[in-house]
Amino acid sequence: MEKSSENPDVFRPCSRSGPGFPACARGSCLVTRAAANAICAASLPRLFENAGRRKRQRHQNFGENLHPLFRFRGPSKRACPRGRPTGYEFGRDVQAQLEHGRRALYHRLIPPREPVRAHGCRVHASDSIQNNMTTDSFFTPGAERSLQLARRLAARAAADWTEPAHLLWALVLDESQGAEILAAHGLSLDTLSRQIPLKIDELEVVAGETAVPPAELGEALQLVLVEARRQAAALGKFAEIGSEHLLCGLAATPSEVQELLIARGLHPEIAAEKSIECAGDSTAPLEAEIRLSFPETVAAEAVDTLRTIDAAANRAREGLRVVEDFARFTLNDRFLTTQLKNWRHRLAEVLAVFDSQQLVAARDTQADVGTSVSTRREGIRTSPRDVVTANFKRVQEATRTLEEFSKILSPELGSRLEGLRYELYTLEKALLTAQASGDQFTGRNLYLLVSSETCPHGSGPVIHAALAAGAGIIQVREKRMRDRELMTYGRLVREWTARAGALFIMNDRPDLALLTDADGVHVGQEELTVREARRIVGPSRLVGVSTHSIEQARQAVLDGADYIGVGPVFPSTTKKFAEFPGLNFVRQVAEEISLPAYPIGGIGLENIDQVLAQGARRVAVSGAVCGAVDPAEAVRGLQEKLCARSANPSAESS
C-alpha cells in the first residue's frame, strides 16, 4: 500500500488482497478505519451480539480480525509503525457481501463437526434436526420434539421450508416450558388460529406421524436457532437448548411471529426473563471464586480423580432427569419440576469450575469395571414410585462421591456440593409425599369441617348425613369444647368415619389426634408448624396446613405437608378474615402444585362452579352443609359438581 500524495491519511490500494479475504468487486473504494467501524456498528450489531462474549472479544479490533465483509489493504510501515491497519476496501454490492458475512458468522456460531456413524451411514451431528436424528446434544428432548413437530406441520401445510410460524404452532401444541409462557400471555390454539392460521388439521399431525416427509429448516428458522443457542449459552448451558430458549429465539428474530409476540407483550427482553423464571435458571455468579489445584501427585492419580468426578457427575444428571420427568409428566407439578430443574442447574454451575476437556480426556468407559457389574434388584421396578426412589438415591450417592473427591481439589467446592446434597433430601421428601398423598386422597374430593356452633341441628346428625351422602373427610373443629369432652366426642367420630371409610382429621390438636386415633391433624399458619405437628403425631398420620398465599403453599410442599387448605376464597359465616386471596390464589395453586389442595371459605352450591373453573378438583365446606336444611342433599349436590369436574379435568378455565 502506498501513501496518497493528496491526503496523507488515505492509502492507495495495492494489487493484492490480504490473506484470507475475498477478491474486491469492481468499482470498490477506500474507507478509513473509523468509517469501516461505523459501518460495521450500524449494520451488524445483531450478528456480533449472537457471537457471544468470546466472539465479541475476538472481534474487538475490527482491523486485525474481521469477517469477509471487509477487505484489508495492508498499511505501509512508515504510515503505521506498529503494523495496525488504517483502511478497508468496501465492495459496491453491499447487500451481497452483508449476506455473505451473515452466513459466514452463522457457520462460525454452529461449526460443522466431525462426521459420526449412524445406522451405517456417515452424517454430521449438526444435521440431526434436518435428518430426523438425535445425535445433536444441543437440544433438550422437549425442544427436539417441538422442532420435529414444526417440520411435520410445515410438510402438511405444503410449505417449502419450516418457518418460525410452524415452530410457534409446535410450541403451543406441545407440552413444554415454552407453551406455558405462551399460554400466560394469551397465545392459545384459538388465538393462534386467528392470527397465523395453518390451514391444516394440526391436531391430526400431533396425533401421529405423517406420511409426508418433514420439511427442512428454512433460513429464518435457522437464525431463530442461533438466537436460542445464544440465550442458552448466556446461562452457561452450552449443551442444552430448551423450548423456552426456542421461544426467546422467535421473539428476537424479525418475522410475523415476532410481531405477534411483541403485540402480546413478549418482547425479547421479557421472553428472556420469562424463560429464566419458568425454567428456574439463574445468571447469578457463584458466591465466591473457587480455585482448583491438584496436590503434588503423579499424573495417574490426577486422571483417576477426574475420571471419578466425570462418572459421578454423569450419574447425578441422568438420575435427576428421570425424577424431573416424573414430576413434570406424572405429577404435573410445575413447582416441584422447577425446583428440581433449579437444583440441576446449580449442580451444573458448581461443576463448571472443572475443565470439560480434561474430564472428557480422563474418561475411560471401556476400562470401567463397573459397567459389567450389576445386581438383580437393579433390573426390577414395580411402580413409578420405585423408579423415582431409585433415581433419587442414585443422585444422592453420586453427589456424595462428587463432594468427597472434589475436596482433593478445593474444600470450598466440597462444601457447596454438600449443601446441594442436603437440598436434594428435602426435594425427595416433598416429591414422594406429593405422590403418596395424591393416591391417599383420590376420591376424597369433599372435605367437611364440623363444629357445634355451625350445626343448628347438632353436629352428630350432620356428620352421619354427610358420611351417608359420600363425604370423604370429616374435620372436627371445636374451639370451646373442653379437652375431656372433645376427646370423647372425637372417639365417636373416629368410629363413624371408620365404618364409612372416610378420613377423620382433628383441628389444631395433635395431642388429641393421637388420643382419638384420628387419621391426622390440621394446623393453621399461627399454630404449630408442620414439622412440630409431625413430631407429635408421627410419620404415619396426616398433617394438613392452611395457606393464604402461593408462597405459603410452596413452603408447605417443602415442609412435607400431606395436603393444604387454600383460601379463604369467599367471605364465610363461620370465620372472619381481613383479606381474601380469592379465586386467583386457587388458580395459582392449581397451576403449580400437585399436592392435594382444598379451597375453603364461603364455598357452596351457588359459587362452587367459579372455584372449579380455576382448576380446583376438591373443596372444603362447612356452613354450606352444616347450615343446610338437608345436609345429605347439600353434600350430594356438591359431589355432583365435583364428579363432573373429575370426569372432565381439561375443562377450560373461565
Please determine whether the number of non-hydrogen atoms from other residues, nucleotides or ligands lying under 6.0 Å from atom [atom1] of [X] exceeds 12.
X    : atom1 : result
E318 : CD    : yes
K641 : NZ    : no
E606 : CD    : yes

Testing the basics here: between [X] and [Y], what is the closest heavy-atom pair and its distance to 0.1 Å?
X    : Y    : value
A513 : V537 : CB-CG1, 4.4 Å
A313 : L351 : CB-CD1, 3.5 Å
L467 : A502 : CD2-CB, 3.6 Å
I603 : I600 : CD1-N, 3.8 Å
A430 : V557 : CB-O, 3.4 Å
R444 : Q440 : NE-O, 3.3 Å

Ion pair check, [X] and [Y], cut-off under 4.0 Å:
X    : Y    : answer
D508 : R477 : no
E403 : R416 : no
R400 : E404 : yes
R541 : D517 : yes
R321 : E324 : yes
R534 : D562 : yes
R328 : D333 : no
E397 : K393 : no

Do the side-chain N and O atoms of [X] and [Y] include a donor-acceptor pair separated by under 3.5 angstrom?
X    : Y    : value
S452 : E478 : yes
Q396 : Y425 : no
D386 : T382 : yes

Side chain [X], main chain [Y], donor-acceptor under 3.5 Å:
X    : Y    : answer
N607 : Q610 : no
T330 : A327 : no
T488 : R484 : yes
S437 : A434 : no
R617 : R645 : no
Q552 : H548 : yes
W343 : E423 : no
D439 : A436 : no
D519 : F504 : yes

Quick one: pull up [atom1] in [X] and [atom2] in [Y] and give me the separation to the nearest 0.5 Å.
X    : Y    : atom1 : atom2 : answer
F441 : I473 : CZ    : CD1   : 5.0 Å
R334 : K341 : CZ    : NZ    : 12.0 Å
H522 : S546 : NE2   : OG    : 3.0 Å
T389 : R381 : OG1   : CZ    : 9.5 Å

According to the interplanar angle, ranging from 0 to 90°, do the rings of Y563 and Y598 count as parallel (below 30°), tilted (30 to 60°) or perpendicular (above 60°)?
perpendicular
Can you tell me which residue pairs pass the ring-ring contact (aromatic ring centres under 6.0 Å, His included) test with a partner in residues 463-494, sequence neighbours excluded?
H464-W496
